[in-house]
2 protein chains.
Amino acid sequence: MKNYISILKRTSLFSGVAEDDILSMLSCLGARLSSYKKGEYVFCQGEHLRDITVLVEGSLHIQNDDYWGNRSILSTISVGEMLGEAYVAPESGAFPNDVIAMEDSVVIFLDVHRMLTTCSSACRFHAMVVQNMFFTISEKNRRLVQKLGHMSKRTTREKLISYLSEEAKRCKSQSFSIPFNRQQLADFLSVDRSAMSNELCKMRDEGLLEFEKNQFKLL
Amino acid sequence: MKNYISILKRTSLFSGVAEDDILSMLSCLGARLSSYKKGEYVFCQGEHLRDITVLVEGSLHIQNDDYWGNRSILSTISVGEMLGEAYVAPESGAFPNDVIAMEDSVVIFLDVHRMLTTCSSACRFHAMVVQNMFFTISEKNRRLVQKLGHMSKRTTREKLISYLSEEAKRCKSQSFSIPFNRQQLADFLSVDRSAMSNELCKMRDEGLLEFEKNQFKLL
DNA sequence: ACAAATCGGTTGTTTTTACAACGAAAAGGA
DNA sequence: TCCTTTTCGTTGTAAAAACAACCGATTTGT
């Protein structure tokens, strides 16, 4: 657990909390470590979550396969990000998606109820962490709205432009790399891979952008 | 302000707080009332929010019109619901959508920073309200994920089935009414109205459902 | 009560997507 | 290294959606 303190320190959840205090909070919050090999399921559709999950190594996809095998990737989780926080409320139902390790990964589980109900030992940090949690779930919320913005576009081309220009803005650069290969990007935008590939190449031929593998440059 | 206490009492934000305590919190949180006529803008794209908004009368749409006049309705807000909570974090940018009154409406603004930093007078309720706020934004989050579930469906028919069966589940009944007319439903699902209308009638002819105006029944 | 606006359904045409199938290049494993 | 798998682009066809235009019915405002 100690190995990951320096990572936790840089997460938005523990932002502003000193390393020593994080360590004491971890035991206070009943922290548990868990490892997953590439391709393993961290959560399955239908599970009931009691803990918040923080990724400290590797990367995850939150995805959903429907009856007909259509996969849709809801979001990617990278090191330091939180996961499942929206499904720990008592009135929330089961977690509706699958969470899969894209590479060998390590997560930490934290008891959310101990987090919300301040305890005696580290109260001054509890307040800070609860506030951090609120801001973090806010950000998740904003990202979901952004994704809805992409998905609400009618054509594959518009979806691509919407997504790629947002990534460019987020990276503050025309050049950036995306965390997807073609199939995954198609699953993320909920479009057909071949049609998307086709559209990407057309856009390249029209001089709108350049790309190589998952490296893109908008022009 | 007092007129709305009984409504606030039933909101998820103030769940579990007594009416008297709500009243004292309102002044503590710098509550302000504001009214809007049907069709008026409550917020415009690009505004920077400093307050949380609670709707106490009427109904709102959160929507977005793109360069070409395509409207997409992100969500509906009904009495007792919270609004804008994801855009009060210091690092969050401007509010990306328009909020429009669908009928004559009244909202209350609450200073979120006073809410997050406990004050001396009503601290025991602050903790409760902060927790409520977390659960409420969690629920918003889950609804966004559900909406992404609808939007990720490839065809108009699948989107309709996804949305309608979820509404049925939410109402725990095969019969239910939706808060949209046809154009609004199309804007909500980001599809063409006439194509959607066509698909709805086909589904009715196939015996999948019945409807009249905004009243639906799944069979 | 009457005119205007809104709403919902229908149809035909054009555009776009989904789907299937294939091949070349690259990556990965034995 | 060789073989297998994955990845990505390409093409053609069938299906679906977007778009535009129209009409009748209902609602709204004056």
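Numbered from 1 within each chain, the chains take letters A, B, ... in sequence-line order. This is a predicted model, so every value here is computed, not measured.
When the P atom of D:dA16 is taken as reference, atom CE of B:Met196 falls 18 Å away, rounded to whole Å. Here the P atom of nucleotide C:dT15 and the CG atom of B:Asp192 are 16 Å apart, to the nearest Å. Rounded to an integer number of Å, the gap from A:Lys202 NZ to D:dC8 P is 19 Å. Spacing between atom NZ of A:Lys153 and atom P of C:dT16 amounts to 17 Å, rounded to whole angstrom units. Between the CD atom of A:Glu103 and the P atom of C:dA27 there is a distance of 17 Å, rounded to whole Å. Taking atom CD of B:Glu199 as the reference point, atom P of D:dC19 lies 17 Å away to the nearest angstrom. The distance from atom CG of B:Asp187 to atom P of C:dG8 is 12 Å, rounded to the nearest whole Å. Look at CZ on A:Arg157: it is 18 Å from C1' on D:dA17, rounded to the nearest Å.
For B:Gln174, the CD atom counts as loosely surrounded, since its 6.0 Å shell holds 12 or fewer non-hydrogen atoms of other residues, nucleotides or ligands.
Across all strands, B:Phe211 comes closer than 4.0 Å only to sugar-phosphate atoms, never to a base (heavy-atom distances). Within the 4.0 angstrom heavy-atom criterion, only backbone atoms of the sugar-phosphate kind lie near A:Asn181; the bases stay farther away. If you check every strand for non-hydrogen atoms under 4.0 Å, B:Thr155 touches sugar and phosphate atoms only.
Taking only side-chain nitrogens and oxygens, B:Thr156 comes nearer than 4.0 Å to OP1 or OP2 of D:dA17. The phosphate of C:dA27 (OP1 or OP2) has a side-chain N or O of A:Lys213 nearer than 4.0 angstrom.
A salt bridge links A:Lys140 to A:Glu85: one of the charged nitrogens lies within less than 4.0 Å of a carboxylate oxygen.
Of the candidates A:Phe216, A:Phe211, A:Phe188, A:Phe180 forms a ring-ring contact (aromatic ring centres under 6.0 Å, His included) with just one, namely A:Phe188. Under the side chain to side chain contact (heavy atoms under 4.5 Å, CB included) test applied with A:Phe43, the options A:Leu83, A:Ile62, A:Leu60, A:Asn97 reduce to a single match, A:Leu83.
Counting atom types as modelled, A:Arg193 pairs a side-chain N or O with a base atom of D:dG9 as donor and acceptor under 3.5 Å.
In this structure, the separation between CG on A:Asp187 and CG on A:Asn70 is 8.5 Å, given to the nearest 0.5 Å.
Of the two residues near DNA chain C, A:Arg154 and B:Ser194, the one whose nearest nucleotide lies more 5' is B:Ser194. Where B:Asn198 and B:Arg182 each meet DNA chain C at their nearest nucleotide, the meeting point lying more 5' is that of B:Arg182.
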